[in-house]
Amino acid sequence: MTFGQLLSSIMSMSAFHSLPLPLVQLSLDAVLKCGQSFRWSIFSLAQPSDASHEYRLCLRDRVVCLRQTPTHLFYRSIYPEPQPSETQTRLRDAETLIWLKDYFQLDIDLANLYQEWGNRDKVFLGLRERFLGIRMLRQDPWENLISFICSSNNNISRITKMVQNLCTHYSPALLHIPDPSCPENCVPYHPFPPPSALAQPEVSAKLRSLGFGYRADFIQKTAQMLVETHGSSSEEWLMGLRKETTEQAREELLKFMGVGRKVADCVLLMSLDKKEVIPVDTHVHQIAIKHYGLKGTLNGKKVNMTPKIYEEVNTKLVGVWGDYAGWAHSVLFTSDLKSFSSYGLQTPSPTPTPSLSPAKASNKRSRKEYESIILPTPPLTPQKEYPSAVSDTLLPDMSEQSLADRVKKRRRGVAQT
DNA sequence: GTTGTACCGGGG
DNA sequence: CCCGGTACAA
């Protein structure tokens with residue numbers, strides 16, 4: 001590369017802070033693309049640097065940019081005009097760090113969990129070295145809820161497009177930033193829209209025209225329901241479900257239109273701290289059948305997912321993995337994704353006895369995703385240490401509100417007793 | 001409480 | 001014809 005390219009590479013990295021973090025603790029490439037969050041944009045870095053990609057997410061008042069090397073996580077924030085003062089910037093960068101540690105739940109030692117799951121489960125044991133660093137994100141409940149209402153009967157790539165459409169059409173751009181792999185064009189960054197923006201009745205028709213299908217009505221109705229019952233503190237109210245028990249929180253989520261057991265469980269696991277919850281979709285069901293001895297057929301016919309089967313799968317897998325079962329499920333789920341299929345959960349059933357083959361066919365010389373070019377002169381040497389306190393709330397911090405009156409909107413569960 | 005079916009749109 | 005489901009009516 002030319003000196004100019006090297007220089008620009010260095011300059012572009014100069015705004016990054018760093019955090020020591022081994023890949024066994026976090027793999028951005030896996031975690032940000034495995035269908036937990038649908039809003040991170042990814043850029044290939046044209047200039048060779050020791051990170052191959054940059055990920056970006058618009059978060060309220062800033063855009064967070066991430067890069068990763070085998071030993072460090074690099075992060076920086078970009079703020080809209082007017083640029084904050086130097087001291088103000090320092091303060092807000094500190095907020096970003098707190099957010100990062102919260103979002104990636106870095107106080108949880110993933111290596112420990114992998115060890116535990118490997119001890120409990122031979123299937124996991126054969127998989128873990130090829131799928132390092134897959135952890136549960138701690139997402140915003142509102143965004144998570146709407147994203148997973150979109151997920152019904154759907155695939156990751158379309159869900160991603162739909163979520164992006166929600167942002168571009170219902171939330172003004174916070175700022176524009178050049179594409180790192182093509183600095184000529186600027187990319188707009190939109191925060192996720194608030195409930196009030198999606199609650200208007202006309203939203204549903206527009207979403208239909210944007211290709212949301214029947215999910216258009218679910219989204220508008222859910223937003224409306226939320227705003228009608230909790231007004232401007234809707235997001236805080238959802239956040240408050242973190243303090244409820246799994247059963248209480250699930251009961252609340254199931255009231256929303258378009259939210260069934262599976263979607264509710266996704267939200268419980270991914271944004272409401274219910275680490276033991278396993279959302280059972282058809283994928284997970286198949287995994288349970290292939291690898292954990294659940295019955296896949298009845299009288300020669302494929303069994304359909306019913307509440308009963310759902311519970312069976314759930315009970316079985318929680319029994320196998322323990323109290324972080326939801327986290328473990330995410331590793332298995334990711335390994336089974338088509339996009340990771342070249343080295344994922346094989347189904348080599350030629351196993352004589354199910355569940356008794358000590359992962360041996362797993363030497364498929366897996367090329368690492370995060371395999372990267374090593375730059376002769378590292379653009380940036382990891383710097384200073386960082387504060388260790390991890391806040392349990394998000395950026396501007398949302399105060400807890402009680403709101404004893406839970407207006408029972410009624411729906412499921414009304415007709416009986 | 002269970003079971004069956006329509007549903008919007010994209011992809012194989 | 002399949003799909004990372006849910007609402008609604010038997």
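What you are looking at is a predicted structure, and each value in this text was computed from that prediction instead of being measured.
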Would you call the rings of Trp237(A) and Phe256(A) parallel, tilted or perpendicular if under 30° counts as parallel and over 60° as perpendicular?
perpendicular
Side-chain N or O of Thr282(A) versus OP1/OP2 of dG4(C): is the shortest distance under 4.0 Å?
yes
Check whether any side-chain N or O of Ser233(A) sits under 3.5 Å from a backbone N or O of Glu236(A) as a donor-acceptor pair, and report yes or no.
no
Check whether the side chain of Lys308(A) and the base of dG1(B) form a donor-acceptor pair under 3.5 Å.
no
Report the distance from atom CG of Leu254(A) to atom P of dG5(C), rounded to the nearest whole Å.
16 Å
Taking NZ from Lys221(A) and P from dT6(C), how many angstroms apart are they, rounded to a whole number?
16 Å
Closest-nucleotide mapping onto DNA chain C: is Phe218(A) or Phe333(A) further toward the 5' terminus? I mean the 5' end.
Phe333(A)
Any chance the side chains of Arg62(A) and Thr96(A) put a donor and an acceptor closer than 3.5 Å?
yes
Is Ile156(A) touching bases, backbone alone, or none of the nucleic acid, heavy atoms closer than 4.0 Å?
base
Checking the side chain of Glu184(A) only, and the main-chain atoms of Pro178(A) only, is there a donor and an acceptor separated by less than 3.5 Å?
no
Give a yes or no on whether the ring-centroid distance for Phe38(A) and Phe148(A) is below 6.0 angstrom.
yes
Mind checking if Cys150(A) touches a base, just sugar-phosphate, or nothing, with heavy atoms under 4.0 Å?
nothing
Whole-Å distance separating the CD1 atom of Ile309(A) from the P atom of dG5(C)
16 Å
In whole angstrom, give the distance that lies between atom CG of Leu145(A) and atom P of dG4(C).
21 Å
Find the distance Asp281(A):CG to dC2(C):P and express it as a whole number of Å.
18 Å
Strictly under 4.0 angstrom, non-hydrogen atoms only: write out the protein contact profile of nucleotides 7-12 of chain B, one letter per nucleotide from the 5' end, B, S or -.
BBBSS-
Which listed nucleotide (dT6(C), dG4(C), dT3(B)) is nearest to the side chain of Val263(A)?
dT6(C)
Within the 6.0 Å centroid threshold, strictly below: Trp321(A) and Tyr292(A):
yes
Return yes if a side-chain donor-acceptor contact under 3.5 Å exists between Tyr310(A) and Asp265(A), otherwise no.
yes
Paired runs of 3 or more consecutive Watson-Crick or G-U pairs involving DNA chain C, with both pairing distances under 3.5 Å, are B:2-7 with C:5-10, B:9-11 with C:1-3
Proximity of His53(A) and Phe43(A) rings by center, below 6.0 Å
no
Pairwise P distance for dA9(C) and dC8(B), with rounding to whole Å
16 Å
Would you indicate what Val284(A) reaches in the nucleic acid, counting non-hydrogen atoms under 4.0 angstrom: base, sugar-phosphate, or nothing?
nothing
Value in whole Å for how far the P atom of dA7(C) lies from CZ of Phe256(A)
12 Å
Can you say whether the rings of Trp40(A) and Tyr103(A) are parallel (under 30°), tilted (30 to 60°) or perpendicular (over 60°)?
tilted
If the P atom of dG5(C) is compared with that of dG1(B), how far apart are they to the nearest Å?
25 Å
Can you tell me how far C1' of dC2(C) sits from CD of Gln286(A), to the nearest Å?
12 Å
Applying ring pair (Phe, Tyr, Trp, His ring centres under 6.0 Å) to Tyr114(A) and not counting sequence neighbours gives Trp117(A), Phe124(A)
Please report the distance separating the C1' of dT3(B) from the corresponding atom of dG4(C), rounded so that it comes out in whole Å.
22 Å
For Ile146(A) and dG5(C), what is the distance between atoms CD1 and C1' respectively, to the nearest whole Å?
16 Å
